[in-house]
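A short write-up of the structure that comes next.
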Amino acid sequence: MKKYTNTGSKDTRSGFGAGLTELGQKNENVVALCADLIGSLKMDDFKKNHPERFFQIGIAEANMIGIAAGLTIGGKIPFTGTFANFSTGRVYDQIRQSVAYSEKNVKICASHAGLTLGEDGATHQILEDIGLMKMLPGMTVINTCDYNQTKAATLAIADYNGPVYLRFGRPVVPNFMPADEPFVIGKAIVLNEGTDVTIVATGHLVWEALEAAEALEAKGISAEVINIHTIKPLDEEAILKSVAKTGCIVTAEEHNFLGGLGESVSRVLALNNPLPQEFVAVNDTFGESGTPEELMEKYGLNAKSIIEKAEKVISRK
């Protein structure tokens, strides 16, 4: 098993900030809009270096999306920034009508997603945003796993013509993807090859999947681990190639099991190669206040749960 190393834990939102800062220097058409959360979204450097291309909208997220859509008409590439809850649920109608339906080149960048928002509690811990966004025709949905991948994704979506939802988080997590790893939208990354079970993970669960695979190897179980950073369009070829070897799959995500990565994978299997599948995800419930570590443990979003589901799904083959 190839061992990925944590080169120094960082928050993924800082990867977004670093990528946006670099884009500001490289692409004069990139503009940034924020809904009163500059520090939380790490947009400080962009604002400092390019004040003429930064727009502080205030606590008016619907207006932010409408302004961003309008800016695209003049050839600008707007990056909007706020919490995932406010980036999607609060402004869904504006995204649907002004961005998705109108096919506008807006990059909706969302921090503080999932349970790892932590102490802010259930009202802010959106667990349905991936489902909301992937259902919009033409919307690309990306959920990154660490600092390096978030920075790479931020740079990549600027060159992609079309609406994008980029999801990342607040907590400090292992930074293990190589800084020079190419980020190709819609292309999964096989992190570990295996023959007994496929583990497909996204976001913060990718590192947990690698930890689970190492523990499974010690038990004599060979796990293939795939990093799915792009949930839409989904890399169906990579999934089907893997399960053709392993015969079963576990999906892992920091999201409700309804509407997330797992359901997208289920559709691929149902249409092409129906095989046993187990889900590591939140079981149709809201979150609660607590530390990210406590919540991930309570809701079963960790390596321990992935190991249990891997052993269960293997028994179903």
Side-chain angles (χ1 to χ4, degrees), residues 4 6 9 12 84-85 112-131 143-146 167-174 176 191-192 194 196-219 221 223-229 231 239 246 248-266 269 275-317:
Y4 282 79
N6 177 11
S9 294
T12 51
N85 191 29
H112 295 58
L115 289 174
T116 49
L117 173 55
E119 291 83 353
D120 288 10
T123 57
H124 285 47
Q125 294 164 352
I126 194 161
L127 294 164
E128 63 272 17
D129 55 316
I130 290 174
N143 186 40
T144 52
C145 68
D146 69 357
R167 182 191 207 244
F168 43 92
R170 175 169 73 175
V172 169
V173 295
F176 59 95
L191 301 181
N192 185 62
D196 295 326
V197 60
T198 298
I199 302 172
V200 171
T202 188
H204 294 146
L205 271 294
V206 176
W207 177 257
E208 298 295 325
L210 286 170
E211 296 277 278
E214 189 172 8
L216 287 166
E217 185 178 46
K219 295 184 175 188
I221 297 172
E224 182 145 298
V225 178
I226 303 178
N227 176 352
I228 297 281
H229 52 70
I231 295 171
I239 293 167
T246 65
C248 62
I249 191 167
V250 174
T251 54
E253 59 193 309
E254 186 186 349
H255 189 269
N256 194 333
F257 78 87
L258 298 170
L261 169 66
E263 282 201 345
S264 290
V265 171
S266 291
L269 298 181
L275 291 167
Q277 177 181 353
E278 291 290 334
F279 297 74
V280 173
V282 176
N283 186 21
D284 193 23
T285 183
F286 289 102
E288 61 188 287
S289 182
T291 68
E293 295 77 17
E294 290 170 341
L295 294 170
M296 296 292 269
E297 172 69 26
K298 177 171 180 177
Y299 290 85
L301 307 184
N302 53 25
K304 177 184 175 183
S305 294
I306 295 172
I307 293 166
E308 291 172 354
K309 292 300 178 73
E311 292 175 332
K312 180 179 180 181
V313 80
I314 289 170
S315 72
R316 293 174 54 203
K317 285 201 283 185

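For the single chain, residues carry numbers from 1 onward in sequence order.
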Practice prompt. Tell me, please, which residues at least two apart from H229 pass ring pair (Phe, Tyr, Trp, His ring centres under 6.0 Å).
Written response: F183
Practice prompt. Name all residues meeting the ring pair (Phe, Tyr, Trp, His ring centres under 6.0 Å) criterion together with F176; count only those two or more places apart in sequence or in a different chain, and write none if there are none.
Written response: W207
Please report the shortest heavy-atom distance between [X] and [Y], naming the atom on each side.
| X | Y | answer |
| --- | --- | --- |
| T251 | G262 | OG1-CA, 3.5 Å |
| A223 | N192 | O-ND2, 2.7 Å |
| P174 | D146 | O-CB, 3.3 Å |
| L115 | G287 | CD2-CA, 3.7 Å |

Contact between [X] and [Y] at the side-chain level, heavy atoms closer than 4.5 Å - yes or no?
| X | Y | result |
| --- | --- | --- |
| L261 | I130 | no |
| V173 | S9 | no |
| N302 | E211 | no |
| V250 | V197 | yes |

Discussion item. Working note: I231 + T202, criterion side-chain contact (heavy atoms from CB on, under 4.5 Å); need CA distance, chi angles, decisive distance, verdict.
Written reply: CA-CA 8 Å; I231 295 171; T202 188; 4.0 Å; yes
I need the [X] [atom1] to [Y] [atom2] distance, nearest 0.5 Å.
| X | Y | atom1 | atom2 | value |
| --- | --- | --- | --- | --- |
| N227 | N143 | CG | CG | 9.5 Å |
| L127 | F257 | CG | CZ | 12.5 Å |
| I199 | I249 | CD1 | CD1 | 9.5 Å |
| C248 | D196 | SG | CG | 8.0 Å |
| C145 | L191 | SG | CG | 7.5 Å |

Discussion item. L301 vs E208, test: side-chain contact (heavy atoms from CB on, under 4.5 Å). Steps then yes/no.
Written reply: CA-CA 8 Å; L301 307 184; E208 298 295 325; over 6 Å; no
Worksheet entry | Residue list, side-chain hydrogen bond (donor to acceptor under 3.5 Å, both in side chains) with T198, at least two apart or on another chain | S242, T246
Tell me, please, which residues at least two apart from [X] pass salt bridge (charged side-chain N to carboxylate O under 4.0 Å, His left out).
| X | answer |
| --- | --- |
| K298 | E288 |
| E119 | R170 |
| E308 | none |
| E224 | K245 |

By side-chain contact (heavy atoms from CB on, under 4.5 Å), which residues pair with [X], not counting sequence neighbours?
| X | result |
| --- | --- |
| T116 | P171, H204, E254, P292, M296 |
| L275 | V243, N273 |
| A212 | A303, I306, I307 |
| N85 | I126 |

Fill in: CA sep, side-chain torsions, deciding dist, call: H255, D129, side-chain contact (heavy atoms from CB on, under 4.5 Å)
CA-CA 8 Å; H255 189 269; D129 55 316; 3.7 Å; yes
Using modelled atom types and a 3.5 Å cut-off, is there a donor and acceptor pairing between side-chain atoms of [X] and backbone atoms of [Y]?
| X | Y | result |
| --- | --- | --- |
| E297 | E293 | no |
| S289 | G121 | no |
| T12 | F168 | no |

Fill in: Step-by-step side-chain contact (heavy atoms from CB on, under 4.5 Å) determination, Q277 to K309
CA-CA 9 Å; Q277 177 181 353; K309 292 300 178 73; over 6 Å; no
Worksheet item: In terms of side-chain heavy atoms, does T291 have a donor or acceptor partner in E294 at a distance below 3.5 Å?
Response: yes
Would you be so kind as to tabulate the donor-acceptor pairs closer than 3.5 Å made by side chains of residues 278-285, with sequence neighbours excluded?
{"unit_1": "E278", "atom_1": "OE2", "unit_2": "R316", "atom_2": "NH1", "d": "2.8"}

Discussion item. The test is salt bridge (Lys or Arg N to Asp or Glu O under 4.0 Å); show your working for K219 and E311 and say whether it passes.
Written reply: CA-CA 10 Å; K219 295 184 175 188; E311 292 175 332; 2.8 Å; yes
